[in-house]
Structures are given as structure tokens and as C-alpha cells.
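Notes follow once the structure below has been shown.
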Amino acid sequence: MKYFLLTGTSRGLGEALAEQLIQPEHHLICLSRTRTMNTALISAIPPIDYLEIDLNDTDQIATIMEQAFSRIDRSNVEGIYLINNAAVVSPLSRIEQGRSEQFKQNLTVNLLAPIVLTSLFIRLSESFQIEKRVLNISSSSAKNLLPGMSVYSASKAGLDVFSKCVGAEQGDGANAVKVVSVWPGMIDTALQTEARNMDKETFASADIFQMVKDRGMLASPADVATKLIKLLLGDHFIQGTVIEI
Ligand SMILES: NC(=O)c1ccc[n+]([C@@H]2O[C@H](COP(=O)([O-])OP(=O)(O)OC[C@H]3O[C@@H](n4cnc5c(N)ncnc54)[C@H](OP(=O)(O)O)[C@@H]3O)[C@@H](O)[C@H]2O)c1
């Protein structure tokens, strides 16, 4: 059995990943603030686990991770995987127009929560001598900088550096946890809708998001999820790298 711990399964890419991870030899544990309305997930056989968590509340993450690991049957586990998918794109504005509470929420959900989750994942999985991998869903926004996205870009650049550094720390030992950051490309999700629907006065780059939608440049969540699962379970999951798919 392969165990998958996945954050942010209510919609978008996380929901698509969850749907595709439902397989006979997979056990999916959704770490999600909002329960999905997706019937494939609700009626999944075998059942999937839901552990409710608001990732703004990082003090709760240890309890949730202990609960998640308590669901693992030690007599039947061949791999454990953490996918840090949940994120917020706001604030979308020039930095002087944002508020500290927005900055804090962005950096907490996008960077601090994945750090805490990865730390606990490595600690709690130490006694499992099996394949262990962490996939951090990052963004090319770490490199391609747009006005009004400084906090989001900083959070994703931080996530990439974190993945590289922990990858170096884990190394290539037999019991190492492999950590990779991935840039999944532009996906047709609520995050994109939020960005293109902002008024241009507040978010100068809204037009760019509208243009990529109009030109059909957004990939479907399902197609991206397929590529990410292939990466997660395949041979190209190279320790401590940032991979663009
Ligand atoms: N869409 C793109 O073009 C694009 C491009 C590059 C990278 N990405 C990355 O891909 C990942 C998925 O993004 P998406 O496009 O699918 O975004 P999305 O549709 O906005 O979904 C975001 C998910 O994160 C969850 N989330 C947000 N705040 C949370 C919190 N405080 N606690 C728990 N969960 C929380 C949401 O749950 P709720 O329903 O509870 O809010 C939702 O399930 C993100 O890491 C994003 O940065 C997206």
C-alpha cells in the first residue's frame, strides 16, 4: 500500500490529484480545510481519510500529522508521500497597499505550513525503511516576477530554497526522505480566476491573467495532476531539485 498525504483537496489541482490518487493499492489522506463536494472522492472505495485543518493554524499541524501517521498499517506499507499543494495567491497588489495580516496568511499557508508539515513528515516517518517523498507544489512565479505578486513569489521562492536545502540535508542515504519542488505551469483553477478578476487599479497584472485564459494557455487540473503523479512515483524525482513540468 502507498500512503498519500495531500493538502488542499477541496478544489483545483488538489481535487484533481485526490481523484487520480484513488487506486486500489493507494490510501489517500486529505489534509483539508474544506470538505470536497466531489462525488468521486465522497464515494471512493476504499474510503479515503479526511483530516480537517486550517493551515493558518500551524500549531494544529503536529496533532493532524500524528493522526495521519496513526492510519498507516505498518504491516502493509511500501511508500509514504506528502504533497504540499494548498496555497493562497493573495494579496494581489503593490506591496505598500497590502496589510500585514494578508502577508502573514500568505506566508503561513504557502511556506510555513509546508515547512512544518515536512519537518513532521521526516520525523514521524523515520522508523519506516521504505520509499518516502515530499512534493512541494511551487510556481514559476518564484522566477518570473509580476507587479502585484511579490508576496506569492517570495513564498514560492522560499519553498524552492527550502526543498533544495532539506534535500541536501537528507542526502542519498538508504532512509532519506526525497524532497522536490515543482513548477506545474498555469492551470485553470480558482486561483487563476481570482487573479484575472482583480481590478487593474489594484492588481496591474490582471490583464496578463486574462490574456492567458483568452489564448487557451491554461492546462486542465486533471492533465497537470497526471504529470505530477508520474513525477512523484517515477525515476525523475531527483533529491533536492526544482523541476518544471
Ligand atoms: N493555478 C495555477 O495557475 C498555478 C500555477 C502555479 C502553481 N500553482 C500552485 O498549485 C497549487 C494549487 O493551486 P490551485 O490553482 O489549485 O489553487 P486553488 O484552486 O485556489 O486551490 C487552493 C487550495 O488550497 C486550499 N487552501 C487555501 N488556504 C488554505 C488554508 N488556510 N488551509 C487549508 N487549505 C487551504 C484551498 O482550500 P479551501 O477550499 O479551504 O480554501 C484549496 O483546496 C498551489 O500551491 C498553487 O500555488 C497554481
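Along the sequence shown, residues are numbered consecutively beginning with 1. All values derive from a computational prediction rather than experimental measurement. All values below come from the heavy atoms of this structure, side chains included, with hydrogens, waters and symmetry mates left out. Counting starts at 1 for both ligands and their atoms, following the listed order.
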*If you count only heavy atoms, which residues are under 4.0 Å from ligand 1?*
G8, T9, S10, R11, G12, L13, R33, T34, I53, D54, L55, N56, N85, A86, A87, V88, V109, I137, S138, S139, Y152, K156, P184, G185, M186, I187, T189, A190, L191, Q192
*Which pairs with one or both residues in residues 221-234 pass salt bridge (charged side-chain N to carboxylate O under 4.0 Å, His left out), sequence neighbours excluded?*
none
*side-chain hydrogen bond (donor to acceptor under 3.5 Å, both in side chains) with S32: which of T9, D54, N85?*
T9
*Only counting residues at least two apart or in another chain, list the ones meeting salt bridge (Lys or Arg N to Asp or Glu O under 4.0 Å) with E96.*
R94
*Under the 3.5 angstrom rule, does the side chain of S205 hit a backbone N or O of P147 as a donor-acceptor pair?*
yes
*Taking the hydrophobic residues Ile, Leu, Val, Met, Phe, Trp and Tyr, and joining any pair whose side-chain heavy atoms are under 4.5 Å apart, which ones share a cluster with V151?*
I95, F103, L107
*Say whether, by atom type as modelled, one donor and one acceptor occur between the side chain of T7 and the main chain of A86 under 3.5 angstrom.*
yes
